[in-house]
There are 2 protein chains.
Amino acid sequence: MSSRYDAMTEALHQAGHRLTPQRCAICRYLAASREHPSPERVYERVREEFPAVSLATVYNTLTVLRDLGEIIEIPGTTEGLRYETNLEPHINLICLHCGRIRDLPSDSLSIVQNAIHNDSGFDLYGLRVDGFGLCSACRTAEEDKSHD
Amino acid sequence: MSSRYDAMTEALHQAGHRLTPQRCAICRYLAASREHPSPERVYERVREEFPAVSLATVYNTLTVLRDLGEIIEIPGTTEGLRYETNLEPHINLICLHCGRIRDLPSDSLSIVQNAIHNDSGFDLYGLRVDGFGLCSACRTAEEDKSHD
DNA sequence: TTATATGCAAACTTTTTGCACATGC
DNA sequence: GCATGTGCAAAAAGTTTGCATATAA
């Protein structure tokens, strides 16, 4: 079992939350996911294992995990919530055309963190960096179109 | 009139959109605002001048301005859309306690932009950097509480 | 004049809430 | 055993859409 899963269930346990089978299934999926899932997507996937699971349970668990800092909310380009399950500092490259989100690790973020520490009395818990634009695949497609 | 306002109305005009009084009022408010308004907030403010203005008109105009790149959508901490009217690269410091968003200009962002240009075939249109944590006021309040 | 925008209201989507029952600890 | 969590369903919140009327260009 991955350490992300262990960290999530450990955090739930430490905070006095129960490790129900539904919650474990949600954590298992989140820990394995690299697709920045929406609540609906989590629901679909968990339902494969627990057909009777409720959307309310999914929302509940996502909220608890977010409050514990185990996942991070990111803005869907327009369509509601998405969750970041990768806690390593990184840049989200969000394609405005196909909607895909790619994680780009970068040392440059430590410089941003330093800038925040130095320039303000702000106590930083988490950093989110989103780059909006066209991914290489969509950029190629756009260029092809303009050649018509 | 501010150059932000001019830029917005100019962009609308260039794109073939009409400069209705409602739209101008929306732009006027956005250009002056430093409060990262929600659609509802824009609606309230514009209604002071146009009591009969419709929420649909507000959404319509915000969408058009966003598509033109004159404003940027940012994630409300939880409560729906918020708009960034400050197009200068900066860090949003979002307080998890009081919800306030403070803009912090920073040279460090050009390093992030370079990192994106160098490490991927991504065509970057816009960058959003959100720091989550406690603002100095709320941090002080939290510390006071823990002294009880 | 005429294509675009507006206001209104209804529809839709997403998220939250209340409550009776179930269950992890 | 009991506080917490679950499933269900209804409600609330947020956003989009359709259409008749108004209007900027």
Side-chain angles (χ1 to χ4, degrees), chain A residues 8-29 36-68 70-83 99, chain B residues 8-30 36-68 70-71 73-83 99:
Chain A
M8 288 181 187
T9 51
E10 181 68 11
L12 286 171
H13 185 246
Q14 289 297 326
H17 294 286
R18 290 186 191 162
L19 294 177
T20 65
Q22 293 90 333
R23 281 192 173 158
C24 291
I26 292 169
C27 290
R28 214 176 302 125
Y29 168 61
H36 305 87
S38 63
E40 191 64 34
R41 183 83 178 118
V42 176
Y43 177 54
E44 280 172 17
R45 289 314 212 79
V46 171
R47 222 167 17 156
E48 292 171 5
E49 195 174 343
F50 290 89
V53 75
S54 149
L55 237 194
T57 296
V58 171
Y59 272 99
N60 171 341
T61 302
L62 290 172
T63 301
V64 171
L65 287 171
R66 182 204 57 196
D67 291 345
L68 293 173
E70 289 298 322
I71 57 177
I72 299 174
E73 271 179 20
I74 53 178
T77 21
T78 34
E79 351 68 51
L81 298 173
R82 301 278 293 267
Y83 285 90
Chain B
M8 289 181 187
T9 52
E10 180 68 12
L12 286 171
H13 185 246
Q14 289 296 326
H17 294 287
R18 289 185 189 165
L19 294 177
T20 65
Q22 293 92 333
R23 280 190 174 160
C24 291
I26 292 168
C27 291
R28 215 176 302 126
Y29 168 61
L30 291 173
H36 305 87
S38 63
E40 192 65 33
R41 182 83 179 121
V42 176
Y43 178 54
E44 281 172 17
R45 290 313 212 79
V46 170
R47 220 163 22 152
E48 293 172 4
E49 196 174 345
F50 290 90
V53 76
S54 152
L55 237 193
T57 296
V58 170
Y59 272 100
N60 170 342
T61 302
L62 289 173
T63 301
V64 171
L65 287 171
R66 181 204 56 197
D67 290 346
L68 293 172
E70 289 298 322
I71 57 177
E73 269 179 22
I74 53 177
T77 20
T78 33
E79 352 67 50
L81 298 173
R82 300 279 294 268
Y83 285 91

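Every chain is numbered from 1, with letters handed out A, B, ... down the list of sequences.
- For B:Tyr59, the side-chain atoms get nearest to D:dG14 when compared with the rest of C:dT15, C:dT6, D:dG14.
- In this structure, A:Tyr43 atom OH and C:dT13 atom C1' are separated by 15 Å, rounded to whole Å.
- What separates CG of B:Asn60 from P of D:dC19 is a distance of 17 Å, to the nearest Å.
- The pair A:Arg41-A:Glu44 meets the salt-bridge criterion, with a side-chain N (NZ, NE, NH1 or NH2) lying under 4.0 Å from an Asp/Glu carboxylate O.
- In this entry the distance linking CZ of A:Arg47 with P of D:dC8 reads 10 Å, nearest Å.
- Regarding A:Arg23, its CZ atom lies at a distance of 4 Å from the P atom of D:dG5, rounded to whole Å.
- Side-chain atoms of B:Pro39 lie closest to D:dT15 of the nucleotides C:dC8, D:dT6, D:dT15.
- A:Ala52 comes within 4.0 angstrom of the backbone, heavy atoms only, and of no base.
- Taking only side-chain atoms of A:Thr57, from C-beta outward, the nucleotide of D:dA24, D:dT6, D:dC8 with the closest atom is D:dT6.
- For the pair B:Glu44 CD and D:dG14 C1', the computed distance is 14 Å after rounding to whole Å.
- Nucleic acid contact for A:Pro51: none, since no nucleic acid atom lies under 4.0 Å from a heavy atom of the residue.
- Whole-Å rounding puts the A:His17 NE2 to D:dG5 C1' distance at 11 Å.
- Here C:dT6 is the nucleotide among D:dT6, C:dT6, D:dC8 with the atom lying nearest to any side-chain atom of B:Thr20.
- In this structure, B:Glu40 atom CD and D:dA13 atom C1' are separated by 10 Å, rounded to whole Å.
- The only member of A:Ile71, A:Val42, A:Leu62 that meets side chain to side chain contact (heavy atoms under 4.5 Å, CB included) when paired with A:Pro37 is A:Val42.
- Contact record, A:Arg23 with A:His17: NH1-CB, 3.6 Å, taken as the closest heavy-atom pair.
- Along DNA chain C, the nucleotide closest to B:Gly16 and the one closest to A:Gln22 are compared, and the more 5′ of them pairs with B:Gly16.
- Across all their heavy atoms, B:Tyr43 and B:Leu55 have their closest contact at CE1-N, 3.5 Å.
- Annotation: side chain of B:Val46 is not in contact with side chain of B:Thr57 (no heavy-atom distance under 4.5 Å).
- Between B:Arg18 atom CZ and D:dA22 atom P there is a gap of 14 Å when expressed in whole angstrom units.
- Ranking D:dT15, C:dG7, D:dT23 by closeness to the B:Leu55 side chain, first place goes to D:dT15.
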